[in-house]
Amino acid sequence: MNFELQNQCILVTGATSGIGLDIARSLAEFGAELVLFGRNRGKLAELKRELGARTLAVDITDEAAVTEAFAGIPVLDGLVNCAGISILDDVLDVKAEDLERIMTTNVTASAVVAREAARHMIEHSRQGSIVNVSSQAAMAALPGHLGYCASKAAMDAMTRVLCLELGPKGIRVNSVNPTVTLTPMAERAWADPAKREPMLAAIPLGRFATPREVALPVAFLLSPAASMISGACLPIDGGFTSH
Ligand SMILES: NC(=O)c1ccc[n+]([C@@H]2O[C@H](COP(=O)([O-])OP(=O)(O)OC[C@H]3O[C@@H](n4cnc5c(N)ncnc54)[C@H](OP(=O)(O)O)[C@@H]3O)[C@@H](O)[C@H]2O)c1
């Protein structure tokens, strides 16, 4: 499958691990030039060698560092806002400090990255595409996920506002909303059958997603094949949110 990303320069945040890592590899396979943000310097060095990518160690919750990082990068055609965190607790045990951390990374920092990418694209007259990596948690209640569900619902709201304001500049903005995606960390987190089986039973396709199954729709949304798609929140959930 080829979504024609040759001659496109795409920034991926959260590229050092999990879904973002697979997205970076898939976009490189489709011919994109990559700029990768993460915090893990060792992993960034590996990715620079493996993918020939421009890599930058940036904590996206540091607004000044994000702004500075954008000053030195090649002209962008796309952004994948993938960096994110989850802290899980039952409602009765939720801590304000944890809610704040989730919101700071998943909402505020992602919005700052999107703002910088939009400013950069407009400044360089690029009609780009932004893909926010949201979650099925934006669309359905998941036990233990109060802060995470709220943050991803906010991310989808952000997608719609970005779509509205940036559309007239030719910039498309969409979310993808994956179900449980089998990154190494998620495989460990969902290893307990008592937790895994009820979730699997609620997914009509009866299985979790692979990172590649998230990366391919992201590549599609970045590509000219999606040229009339903006403001969409695309479930990649095997039907979980259909009922
Ligand atoms: N896995 C799932 O089941 C699933 C399902 C739906 C949606 N998602 C979403 O997909 C995205 C990736 O999840 P994942 O499972 O692949 O997670 P992961 O393996 O834990 O990777 C998270 C990535 O985000 C980066 N990151 C986190 N905080 C950051 C910060 N302050 N500054 C810069 N980078 C930061 C990490 O960078 P460093 O490691 O370099 O610090 C890492 O590259 C998240 O937005 C998550 O909410 C995941």
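As the structure lists them, so they are numbered: ligands from 1, and atoms in each ligand from 1. Along the sequence shown, residues are numbered consecutively beginning with 1. Atom set for the values below is all heavy atoms of this structure, side chains included, hydrogens, waters and symmetry mates excluded.
- At a threshold of 4.0 Å, the pair E46-K43 counts as salt-bridged, since one of the basic side-chain nitrogens sits closer than that to a carboxylate oxygen.
- Side-chain contact annotation: T241 with Q136, donor-acceptor N/O pair under 3.5 Å absent.
- Every residue meeting the side-chain hydrogen bond (donor to acceptor under 3.5 Å, both in side chains) condition with E50, not counting sequence neighbours, appears here in chain and number order: R25.
- Side-chain contact between D77 and M121 is absent, with no heavy atoms from C-beta onward closer than 4.5 Å.
- In the model, S134 has a side-chain atom that pairs as donor or acceptor with a side-chain atom of D156 under 3.5 Å.
- Protein residues with any heavy atom under 4.0 Å from ligand 1: G14, A15, T16, S17, G18, I19, G38, R39, N40, V58, D59, I60, T61, C82, A83, G84, I85, T105, V133, S134, S135, Y148, K152, P178, T179, V180, T181, T183, M185.
- Within the 4.5 Å cutoff, the side chain of C163 has no heavy atoms near those of the R172 side chain.
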